[in-house]
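For the numbers below, each heavy atom of this structure counts, side chains included, while hydrogens, waters and symmetry mates do not. Worth saying up front: this structure is predicted, and the values here are computed from it rather than measured. Lettering of chains follows the sequences in order, A, B, ..., and the numbering in each one begins at 1.
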Amino acid sequence: MRLSEEVKQIFCEVAELTEIPAGAYNFRVNGKSVGRQSSNNIDIKPKTDVSGLEIYIKAGTKNETVHIPVAISVTGIEEVVYNDFFVGDDSDVTIVAGCGIYNCGDENSTHNGIHRFFIGKNCKVKYVERHLGLGRGAGGKILNPTTELEVGENSEATLYMEQLKGVDSTIRVTKANLAKDAHIIIEERLLTHGRQTAESAYQIELGEDSTANINSRAVARDISRQKFASCIVGNRRCRGHSACDAILMEDASVLAEPALDAKSPDAALIHEAAIGKIAGDEIIKLCSLGLTEQEAESKIINGFLK
Amino acid sequence: MLKINNLTYVIEGRKILDNISFDLNPGSFLVITGPNGSGKSTLAQILMGIKKPNAGQIIFDGKNITDFSVTERAKLGLAFAFQQPVKFKGLTVEELLEIAGNAKILPKVGLDPEKYLSRELNSTLSGGELKRIEIATALARKAKLTIFDEPEAGIDLWSFEKLTEAFSELKKQQKNGSVIIISHQERILKIADQIMILEKGKIKPFGVAAEILPEILGGKK
């Protein structure tokens with residue numbers, strides 16, 4: 001498999017891959033699969049009706065990772081990709097996705113990734129998704145991920161979703177349905193700059209004794225705009241918490257629209273939101289330790305988005 | 001090492017510091033005390049460059065640092081422990097102490113590194129824990145002049161015992177480094193070599209602790 005330097009950079013940044021991984025993987029480059037491998041427990045099959053994959057994880061699979069990074073390195077591509085994950089009972093797996101667009105041309109390049117997860121009982125699933133835009137062309141780098149999860153009884157899904165830099169426009173939609181005693185933890189990190197726009201929407205339906213914890217941290221710079229909307233629905237006895245923290249710099253703007261929908265008196269739902277510039281005392285404290293204001297600002301932002 | 005000449009700070013027409021001057025020699029351990037609103041914390045913040053004086057000069061190690069930034073003063077060898085500890089979403093205790101220069105200093109303020117180094121500096125830590133970490137950042141600097149602004153504020157009794165021990169140890173270990181502590185606490189005043197009383201922005205007595213302490217304590221020994 002020969003990959004261009006741009007694609008190698010993207011795979012390194014979005015999936016931390018510097019070589020072919022040992023387990024199951026699928027590498028998608030410019031709309032085509034350029035490398036695929038299944039493992040004994042994880043079977044990757046291409047969809048026959050639409051573009052995308054079906055990934056079957058056998059019941060009882062433990063400590064395995066599947067990588068499915070996507071790279072676009074040409075201008076003018078628009079793709080819609082459907083990936084379905086079927087996770088068998090009692091599995092403990094990590095799924096590393098992520099997409100990077102390297103666009104040096106004048107036309108937009110767009111990746112719309114629709115990921116659906118069907119998680120069985122007693123599972124632990126970690127999902128890592130990083131998005132990145134590179135290249136100095138006038139064409140947009142557009143990434144629109146949709147993530148839908150059915151989390152089975154007594155299972156736990158942990159989602160780490162990051163947009164690192166360079167993505168001109170994104171609409172991120174995450175929906176989850178949690179069965180009895182299921183848990184979902186979502187860590188979202190978003191950085192926008194220039195004229196970029198980002199929208200992130202969550203809809204979480206909580207079943208009996210299930211829990212959700214959404215923690216979104218965002219930095220908006222220059223004249224970029226962000227919108228965060230979350231809705232946690234408590235249908236029965238359950239616990240839900242969402243926090244949206246955003247740092248605003250220059251003339252950027254962030255709109256937070258949290259919603260809690262408690263349909264049972266036993267649903268305990270909490271939302272916290274804080275938007276503002278970097279606190280002056282944080283900068284002064286780091287300066288008192290010998291950092292310049294620029295170094296202090298960089299430390300604070302990097303730490304915040306970690 | 002520190003020479004303050006005619007320092008004045010005025011805000012909204014009110015003189016917070018009124019033409020104060022004093023010298024501090026290397027190896028000094030000075031406690032500045034006085035009633036609330038007397039200008040103690042303002043003086044500390046002016047020394048660190050957080051506030052700018054309306055008039056006067058600050059000479060540190062022979063350099064006029066009156067217009068120096070906080071960063072420049074830190075690089076020259078000044079350290080500062082804030083009265084209100086700063087919280088950081090995203091920075092861990094270890095990261096902050098590494099920036100300060102020594103992540104191994106935590107036991108000096110009575111905190112177990114295994115339990116605390118990986119913690120984020122946010123509201124999950126109590127006010128007392130944050131305060132001890134704040135003090136640790138100043139100790140970690142090993143600065144020529146370390147300023148503690150009301151280190152006892154917001155700290156529990158056990159931590160206060162540890163704190164006075166830390167200051168006593170700091171005093172024993174310091175060679176040419178100097179310490180200024182803003183404090184009302186008798187036990188901290190008793191560690192001092194020198195005491196300065198500020199009242200309404202003016203220095204009242206300033207001198208050897210053994211001479212001034214009886215005046216403050218009103219006959220207590």
Open item on the list: Around atom NZ of Lys277(A), are there more than 12 heavy atoms from other residues, nucleotides or ligands closer than 6.0 Å?
Closed with: no
Open item on the list: Just checking Lys175(A): does its NZ atom have more than 12 heavy atoms from other residues, nucleotides or ligands closer to it than 6.0 angstrom?
Closed with: no
- [ ] Using a cut-off of 6.0 Å, state whether more than 12 heavy atoms not belonging to Glu293(A) lie near its atom CD.
- [x] no
TODO: Would you mind checking if Lys306(A) and Glu95(B) are paired as a salt bridge, meaning a charged N to carboxylate O distance below 4.0 Å?
DONE: yes
- [ ] Go through the atoms of Ile99(B) and report whether side chain, backbone, both or neither lie under 4.5 Å from a heavy atom of chain A.
- [x] both
Task: Those residues of residues 184-200 of chain A, ordered by number, that approach chain B below 4.5 Å (heavy atom to heavy atom) - done: none
Open item on the list: For chain B, which candidate among Ile278(A), Ile300(A), Leu286(A), Ile247(A) shows the most heavy-atom pairs at distances under 4.5 Å?
Closed with: Leu286(A)
- [ ] Examine whether an atom of Glu134(B) lies under 4.5 Å from a heavy atom of chain A, and if so say whether it belongs to the side chain, the backbone or both; otherwise answer neither.
- [x] both
Task: Shortest non-hydrogen contact between Val70(B) and Ile284(A), atoms and distance - done: CG1-O, 4.1 Å
Open item on the list: Run the side chain to side chain contact (heavy atoms under 4.5 Å, CB included) test against Lys75(B) and tell me which residues pass, sequence neighbours left out.
Closed with: Thr292(A), Thr71(B)
- [ ] Take atom CZ of Phe206(B) as the centre, draw a 6.0 Å sphere, and report whether it contains more than 12 heavy atoms from other residues, nucleotides or ligands.
- [x] yes
Open item on the list: Which atoms of Arg141(B) are under 4.5 Å from chain A, going by heavy atoms: the side chain, the backbone, both sets, or neither?
Closed with: side chain
Task: Intermediate values then yes/no, salt bridge (Lys or Arg N to Asp or Glu O under 4.0 Å), Lys299(A) and Glu98(B) - done: CA-CA 12 Å; Lys299(A) 272 279 181 220; Glu98(B) 275 173 359; over 6 Å; no
Task: Structural part of Gln84(B) lying under 4.5 Å from a heavy atom of chain A - done: neither
TODO: Taking atom CG of Asn54(B) as the centre, report whether more than 12 heavy atoms of other residues, nucleotides or ligands fall under 6.0 Å from it.
DONE: yes
Open item on the list: Tell me which of these, Leu289(A), Asn302(A), Ile301(A), has more heavy-atom pairs under 4.5 Å with chain B than the rest.
Closed with: Leu289(A)
Open item on the list: Quick check: closest heavy atoms across Phe80(B) and Lys285(A), and the distance to 0.1 Å?
Closed with: O-NZ, 3.6 Å
TODO: Tell me, yes or no, whether the heavy-atom count around Glu165(B) atom CD, taken from other residues, nucleotides or ligands under 6.0 Å, exceeds 12.
DONE: yes
- [ ] Run the salt-bridge test on Lys89(B) and Glu272(A) with the 4.0 Å N-O cut-off and return the result as yes or no.
- [x] no
Task: Contact summary for Cys287(A) and Ala74(B), nearest pair of heavy atoms - done: O-CB, 3.5 Å
Open item on the list: Check this for me: Asp266(A), atom CG, are more than 12 non-hydrogen atoms of other residues, nucleotides or ligands nearer than 6.0 Å?
Closed with: yes
Task: Interchain contact, Leu78(B) with chain A, by part (heavy-atom threshold 4.5 Å) - done: backbone
Open item on the list: Can you tell me which of Ala100(B), Gly49(B), Ala143(B), Ser69(B) forms the most heavy-atom pairs within a distance under 4.5 Å of chain A?
Closed with: Ala100(B)
Task: Atom CZ of Arg119(B) with >12 non-hydrogen neighbours under 6.0 angstrom - done: yes
